[in-house]
Amino acid sequence: MAELHGLQLDDRIAAELPDWEAIVAHLRTRRPVAEVLRQAAAGGRPLVQPRCGVGGHREMVELLRALEPAGPGVLSVTIDSHTRLRHFDTAAELLARNPADLNGYPLVAHGWQRGRELAAAVDVPLEVRHGSPDGRELFAVALAAGLTSYEGGGIGYNLPYSKNVPLGHSLRAWQQVDAVCGVLAAEGVLIDRELFGTLTAVLVPPSVSLAVTVLEAVAAAREGVRCLSIAYPQGGEIHQDVAALRAVRTLAARYLDPGIEVHPVLHEFMGVFPRTRSYADLLILHGGLLARLGGATKVISKTHQEAYGIPDAEANADGIRTAALGACELLDFVRIDEDRVSEEQHWIEREVAELVDPVLNEPALLPAIEAAFAAGRLDIPFSASVHAHSRVVPRRDACGAIRYAGVGALPFSAAVLRRHADLLAPAPGARERSPFEAATADIRYFLDNEDRFHSSTPHRTRSEPPQRF
Amino acid sequence: MAELHGLQLDDRIAAELPDWEAIVAHLRTRRPVAEVLRQAAAGGRPLVQPRCGVGGHREMVELLRALEPAGPGVLSVTIDSHTRLRHFDTAAELLARNPADLNGYPLVAHGWQRGRELAAAVDVPLEVRHGSPDGRELFAVALAAGLTSYEGGGIGYNLPYSKNVPLGHSLRAWQQVDAVCGVLAAEGVLIDRELFGTLTAVLVPPSVSLAVTVLEAVAAAREGVRCLSIAYPQGGEIHQDVAALRAVRTLAARYLDPGIEVHPVLHEFMGVFPRTRSYADLLILHGGLLARLGGATKVISKTHQEAYGIPDAEANADGIRTAALGACELLDFVRIDEDRVSEEQHWIEREVAELVDPVLNEPALLPAIEAAFAAGRLDIPFSASVHAHSRVVPRRDACGAIRYAGVGALPFSAAVLRRHADLLAPAPGARERSPFEAATADIRYFLDNEDRFHSSTPHRTRSEPPQRF
Amino acid sequence: MNTPAGPADRLVILGVAESDAHAVANQLITMQLQSHGFTVLNLGVCTPLSDFADAHDRHPHAEAVLIGSLNGHAHQDLRTLPELRAAGRLRCPVIVGGNLSVGSRKAGTDRQRLLDLGVDHLLADAGGLVLLLDMLHAARAAELQHG
Amino acid sequence: MNTPAGPADRLVILGVAESDAHAVANQLITMQLQSHGFTVLNLGVCTPLSDFADAHDRHPHAEAVLIGSLNGHAHQDLRTLPELRAAGRLRCPVIVGGNLSVGSRKAGTDRQRLLDLGVDHLLADAGGLVLLLDMLHAARAAELQHG
Ligand code: B12
Ligand code: B12
């Protein structure tokens, strides 16, 4: 293990990096993502950022250049799965053999010099998006490449992204990353740290998402992080989603030092996506509109190829434009039932408090988080990891909003439990569904909406199942 | 001149037609458009109808079949310009020489038998859309073909569509058409008559559009017409447009027998259309949303190729879907500033009353209409015809709503005039624009919005001028 | 030296093709040319080519005949141009502008067949119109001077 | 006659490929198979192929090994199948399902190269899974009977 300013790194990777002063000097020459976010926040319209990453370097440069004219505010370097899991050798091997087989850009295998080439290829600044339970090496390479925004956190990049990395390990790995950002911030170099509240992306109740990001944000702030992007995944019911996005700001005001910049980020719908271009485009546009109504600084766009596979550049550029259109002037007239939003926001904030306050009241934050997940007092649905109980059972109510049908050991008050039970009370005479049927229907929500749309007139064609191989 | 039940027709064309009883018998076998409209009105979501017409018969059948799966509620037989102007021979000649050179389907040249083939080719019923100052022959052929919906009126299909057809002539031609519909209605065969409030389509003040259709509606009702679709062209400012659509119903209640079915119809934006697919699609979607908010029974869709030329089938199908998406469930949450809408609606209704009441108070309606246009007490902007003064000067206000910068001899009250003057008062210190500059900017409104959208982020590409030859 | 005619004397004949009722561009172009000092004889929409020829017969000093066509029927509506020209009429520059064929994807042949009819200039946009008229005017002045 | 084993005895081994963390389908399929009476040994996400082989060694009567792959890395993640099979392991039907290559337009070759590795069945959707398992089961029963 080598060390880069407190960051413990694999020796081989550390050996390739420039020294700390050179890294900082180069970072100072870059336009920080934090500045772009601040501008967007001031302008009142969310900036749009796509996910994008392909294996080959030349292909990645071309991809970024192809997307820039669509007007993203930030571009992504989305990392492949092998690199995320620290299988750097597999990534390097596949890169040598068949780069098109990689589902992202293996930045560690390419090395920081190529990272700088990516950053130089476009005017728009870049963020590294990945899903590494332990993202230290990747972070070091990204820093050396001059990238000023880095996604991830010890909970959100562990539980959805790996099977058996102990939370204690990931939380401490990310603590080191945050501490480096703290050092840099103190030197005047601002790194935007985005927290992945999206989690397993499918039917995540807003308070689960927000509880996780609040805890990660508090942890990051304690290490000196000064710019935080807090991401929430669109669930599909707009009043709930607007409320959740707005709650990001109120929760930040409650739990964080006011000197920290906080940017709510919307991840456009991350579940099973519509299959027809027209309905997919509507959902993408709808996400842009939601982002504006919810006061997000940034929206991560989807594409009409989402159901099929990693999108090509054209579809991705279209997605950026479509999301931006949802947030554009022509729809500024749109009002929403504010009473309903306030009601949702009130309960979301209350639920988050019930989840995080006991943890924050413990003397040591990271062990308290670990213990809470071990006891199921914190939990996420559909966990990939064995380190969350996954006893939370999310269910859509009649309006499509995501409620708790089961809370496992989450320490919710009776009032909260009663509200969810009431909201999920079956319509009188409704047929009982098995848990499997109910989960399937809730997951396929937009697919069913899409089918209903396409078959609402007698002759309209329905969507076809995606061709996947 | 031959006669078909009161309809005076060119001998050659009349000679080809089946006799009246055979026409009526066939009409009885068709599903009337009126029924489809009634269903849509009850369902609360506008049905979508495209414009569509190509010269060749086989091509037209294929076009209708290609559009049906996109889910239109009604399909169009859009007629070519020669036929509209009763240049039946030119249409027939061009049909023989090069059908692709026709900008619509020359139904008279093809004949009623082929019209029946069109109707049989699809399950969705058909409407004839044209723009004939004198549409009697075309109507007779359409009836014989079994088509149950026919667009046009003595004002709206004259002033925008020809140079020098006296209003007296067109009003009486359409009176005959309406009278035949009245006879049919009395026999239980309902023909939907759509009135073209769209007029010259560019910057038409709502009260001009509605005044014309109210007068045409009253004239039609007096002849016995029982199903009226009243079309209004989207101007681009949503509160004004919603108000105008809703005013269709209140005005109908005020001026028409309650036994007459009235359907508000929205024509999606008919002016200079955006050039990029993404912004064009947004405007098409926006029109669908507007139609639902305004309570339209039907929306006539546009396509992303509008700026370029008559759309191909694929673009047209996409336009149908996109308009329908704007009116679909996923956007049912959208609220609008209802106070602003009510305020607009109040003034629109008042203006319409100020325009039509003096005319309706005259003893004979058609001569009164003629006299009012001759005196400029009724008028339209950008008239194609010498029989309107075209002294109405429309101008967009700061919000984009269409106001009167000049009213010519329209008999507006001082209150109305003052309101428009106030709304158009230039911002203090604003540079004065020439009438040409102002008109150009107002006409290019969505083009400018589009450019602003595309250049709102530094690297986004702007729209290119359309390639037109 | 022959002084070119001052703008006040510059007359153009404007109108829209026979089957075409699109009036807006026609009225805007009138305003635009007038603001540049032209006298515009506007024949309006739905004007047969023979009416343009008649107008030119009445105003032989008109600099150009400007015909708008938006509905896609330009070729059919201008088909008698060769005949009229053969009869010695419309012997001034004929400038055609607008949207000159049916459909949203234009072929080069659409352009060519209009030129083949004898149309002198094709413009997609009215923006370049004054410039074109000025150039034609200057060229004629030069011709008169040297010719 | 050999009675086929009742559903209660039917065991399948399920998991997600090595580089892949997509958990939702995995958990739904578990529910689905359990509701059809299967016993599911779920190895969860990010499971190397050797772990599937180890599990099969421990449970040789498992009817099939079901591997999900959604992230596009199916081929790389299953590359050691020929080796393992050569070593006499994983000698049961291997069924792979999900989204089996990178990109939104799939080539026929993506499918073929998985079959070339020795994958027995490819499914895009879990809908047909029980049917497939039943067919394999019936075929094996028939084999035992006649063989
Ligand atoms: C939710 C989701 C995530 C979540 C997963 C959370 C979790 N841990 O479960 C998060 C956000 C973490 C995520 C991460 C990533 N994801 Co993801 N994700 C999705 C998404 C949106 C839905 C998947 C889902 O849960 N569906 C619900 C289940 C019920 O449906 P399903 O998975 O399709 O399963 C059905 C079939 O596939 C089949 N099936 C599935 N498994 C099996 C197994 C067997 C044996 C059988 C018979 C059938 C079968 O039957 C199921 C039911 O019908 C899809 C896109 C989409 N809308 O479909 C992308 C998608 C699968 N992800 C994708 C990718 C690439 C990734 C990442 C690599 C990031 C990246 N580079 O973009 C990382 C993965 C990191 C890693 N190490 O694997 C791509 C795959 C691309 C490709 N193949 O070309 C997709 C298609 C998105 C896209 N269009 O780019 N993802
Ligand atoms: C408004 C409009 C109408 C109104 C016209 C009202 C009126 N009387 O003026 C109404 C609704 C009545 C109408 C009717 C029809 N229309 Co129309 N209409 C339009 C629309 C939406 C805008 C036109 C406009 O006013 N633009 C504003 C002016 C300022 O711009 P412009 O016309 O483009 O003019 C510019 C240039 O073209 C050029 N230019 C124009 N004229 C000239 C002349 C000269 C000499 C020069 C140099 C330059 C020049 O300079 C101008 C300024 O830059 C266009 C589509 C669009 N969005 O562009 C369709 C459009 C022109 N119409 C079209 C058609 C086909 C028709 C119809 C035949 C119906 C049909 N089959 O669909 C009928 C015409 C009937 C007839 N007899 O002609 C098509 C033409 C298709 C093609 N060429 O392939 C278009 C393009 C719509 C489409 N995409 O299908 N229309």
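As a basis for the values below, the full set of heavy atoms in this structure was taken, side chains included, without hydrogen atoms, waters or symmetry mates. A, B, ... follow the sequence lines: proteins, then strands. Residue 1 opens every chain.
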*Top contributor to chain B contacts, counting heavy-atom pairs under 4.5 Å, from C:A23, C:G44, C:G103*: C:G103
_So for B:N98, is it side chain, backbone, both, or neither that comes closer than 4.5 Å to the heavy atoms of chain C?_
side chain
*Side chain, backbone, both or neither of B:I443 within contact of chain C (heavy atoms, under 4.5 Å)*: side chain
*Answer with side chain, backbone, both or neither: which region of B:E93 has an atom nearer than 4.5 Å to a non-hydrogen atom of chain C?*
side chain
*What part of C:T109 lies closer than 4.5 angstrom to a heavy atom of chain B: side chain, backbone, both or neither?*
neither
*Using modelled atom types only, decide if a donor and an acceptor are shared between the side chain of C:D20 and the backbone of C:S69 within a distance under 3.5 Å.*
no
_Proximity breakdown for C:Q27 and chain B, heavy-atom pairs closer than 4.5 Å_ = side chain
*Between B:Y157 and B:H130, what is the ring plane arrangement, given parallel below 30°, perpendicular above 60°, and tilted in between?*
perpendicular
_Structural part of B:S383 lying under 4.5 Å from a heavy atom of chain C_ = backbone
_Under 3.5 Å, is there a donor on one side chain and an acceptor on the other for B:N164 and B:H387?_
yes
*Note, B:I402 side chain near B:D442 side chain (heavy atom, < 4.5 Å)*: no
*asked:* At a heavy-atom distance under 4.5 Å, which candidate from C:N26, C:V16, C:V45 has the highest pair count against chain B?
replied: C:V45
*Under 4.5 Å, counting heavy-atom pairs only, tell me which of C:S35, C:A74, C:C46 racks up the most with chain B.*
C:C46
*Contact class of B:H82 relative to chain C, heavy atoms under 4.5 angstrom*: both
_Using heavy-atom distances under 4.5 Å, tell me whether B:R97 contacts chain C through its side chain, its backbone, both, or neither._
side chain
*asked:* What's the separation between atom OG1 in B:T78 and atom CG in B:L102, rounded to the nearest 0.5 Å?
replied: 13.0 Å
*Most chain B-contacting option - heavy-atom pairs closer than 4.5 Å, from C:H22, C:H75, C:R105*: C:R105
*Go through the atoms of C:Q34 and report whether side chain, backbone, both or neither lie under 4.5 Å from a heavy atom of chain B.*
neither
*Who among B:N103, B:V386, B:V54 has the most heavy-atom pairs with chain C under 4.5 Å?*
B:N103
_Between NE2 on residue B:H110 and CG on residue B:L107, distance to nearest 0.5 Å_ = 8.0 Å
*Can you tell which part of B:P435 gets under 4.5 Å to a heavy atom of chain C, answering side chain, backbone, both or neither?*
both
*Which value, rounded to the nearest 0.5 Å, describes the distance between B:T90 atom OG1 and B:L85 atom CG?*
9.5 Å
*Portion of B:A315 that has a non-hydrogen atom of chain C nearer than 4.5 angstrom*: neither
*Regarding B:H169 and B:D134, is there a side-chain donor-to-acceptor distance under 3.5 Å anywhere?*
yes
*For the side chain of B:E151 and the backbone of B:F196, is there at least one donor-acceptor N/O pair under 3.5 Å apart?*
no
*Name the region of C:D77, side chain, backbone, both or neither, that has any atom closer than 4.5 Å to a heavy atom of chain B.*
side chain
*asked:* Heavy-atom pairs under 4.5 Å with chain C: which of B:G55, B:G271, B:S81, B:A201 has the most?
replied: B:S81
*Consider only side-chain N and O atoms of B:H57 and B:Y105, and report whether a donor and an acceptor are under 3.5 Å apart.*
yes
*Side chains of C:S50 and C:D54, donor plus acceptor under 3.5 Å*: no
